[in-house]
Amino acid sequence: MSKPLNDSIWEEPKVLNNIVNLPESRNMHPYVTKDGKGLYFASDRKDGLGGLDIYYVRLDAKGQPTGQAQNLGPNINSEGDDQSPWLDEPSQVLFFSSNGWIGMGGFDNFFSYKKYEEWSKPTNLGYPLNSSRDDAYLNTSKNTNIAFFSSDRSGTCCYELYTVELNLYTVKGQVVDANDEHPLEGVKVTFYNQDDGNEITSTYTDRYGWYYRPVLKGTRYNNEYQKLGYIDNDLQFTTERAFPRDTMLLPVVKMLTTDIGKAVRLEDIFYDFNKATLRPES
């Protein structure tokens, strides 16, 4: 690490301690969180899952690693090399490159989103960001949906810099019990394209009933919610008004229990006086 002394001069670099620079291992590709309290890096230390793995460690007030470096686990790290982590902190999406997950070429760029202490299975960012060659070292700009990355796709000897607009946005929502509104964990949320009916992706709610998912802008979605002991529910929404630095909050989904003998309050059920026919707004 090195700190600036003025606009043009930096202090002599100081090597980080052996929590990061573990002897007999390669340690590289650092990303420091905006608050200066965390460091993501790649390492091939012996406790990894194979090749380079991505780790996280806390930093003290002087910028030195403290505690124990934590492997991000099998949802991020593969048997191959997983490297060049970059955390987009507003959306809590981790971008990284890997040659161990299924891809289009050598190294491909992937993303994974964080929900509390867990990471989702990585998603390949696809063409044109990835190619049949090596694509890596992706990072995003502060206030736009523009990303920068390196690639040797041009056929030259080395990496060259590229820029691309990420058509990537984030939504989150919560699922609760319709009777007492307690959060429902383990609800399967399946995202379908409303126009062609094709399944796009799926996820599960966490212990607080929340789910998160990157989505494409300008797409109409139909979500299906399923959980054993509850009646299936659905929700339609569009990402026409999604913004790159603003997580879109979806309406709360309430699921009805199938337990016999348990009363459930139904909202917005309207009749005309002295009639048993439901009004259209019901």
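Index from 1, following the sequence.
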If you count heavy atoms of other groups shown closer than 6.0 angstrom to [atom1] of [X], is the number above 12?
X      : atom1 : result
Lys121 : NZ    : yes
Arg133 : CZ    : yes
Glu199 : CD    : yes
Ile269 : CD1   : yes

Please determine, by modelled atom types, if [X] and [Y] share a side-chain donor-acceptor pair under 3.5 angstrom.
X      : Y      : value
Tyr113 : Thr203 : yes
Asn130 : Asn124 : yes
Tyr271 : Arg279 : no
Asn109 : Ser97  : no
Thr170 : Thr247 : no
Tyr56  : Asn71  : no
Asp88  : Thr140 : yes
Ser154 : Asp152 : no
Asp135 : Ser151 : yes
Asn198 : Asp196 : yes

Ignoring hydrogens and geometry, is there a side-chain-to-backbone donor-acceptor pair from [X] to [Y] under 3.5 Å?
X      : Y      : value
Ser282 : Phe270 : yes
Asn27  : Ser43  : no
Thr258 : Gly229 : yes
Glu11  : Leu5   : no
Asn6   : Ile9   : yes
Asn222 : Arg220 : no
Trp101 : Gly80  : no
Asp206 : Gly209 : yes
Thr205 : Val187 : yes
Asp81  : Asp53  : no

Could you tell me the separation between the [atom1] atom of [X] and the [atom2] atom of [Y], rounded to the nearest 0.5 Å?
X      : Y      : atom1 : atom2 : value
Asp195 : Tyr221 : CG    : OH    : 11.0 Å
Tyr204 : Gln226 : OH    : CD    : 8.5 Å
Asn223 : Leu250 : CG    : CG    : 6.5 Å
Ile54  : Leu87  : CD1   : CG    : 11.0 Å
Leu256 : Asp232 : CG    : CG    : 11.0 Å

Using ring centroids (six-membered ring only for Trp), state whether [Y] and [X] fall under 6.0 Å.
X      : Y      : result
Phe96  : His29  : no
Trp86  : Phe95  : no
Tyr137 : Phe149 : no

Are [X] and [Y] in a cation-pi contact, defined as NZ or CZ under 6.0 Å from the six-membered ring centre and within 45° of the axis?
X      : Y      : result
Lys172 : Trp210 : yes
Arg153 : Tyr162 : yes
Arg45  : Tyr55  : yes

Would Val176 end up clustered with Tyr230 when hydrophobic side chains under 4.5 Å apart are linked, directly or stepwise? no

Tyr40 and Tyr31 aromatic ring geometry - parallel, tilted or perpendicular at 30°/60° bounds: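 Taking Tyr40 first and then Tyr31, their aromatic rings sit tilted (interplane angle of 30° to 60°).
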
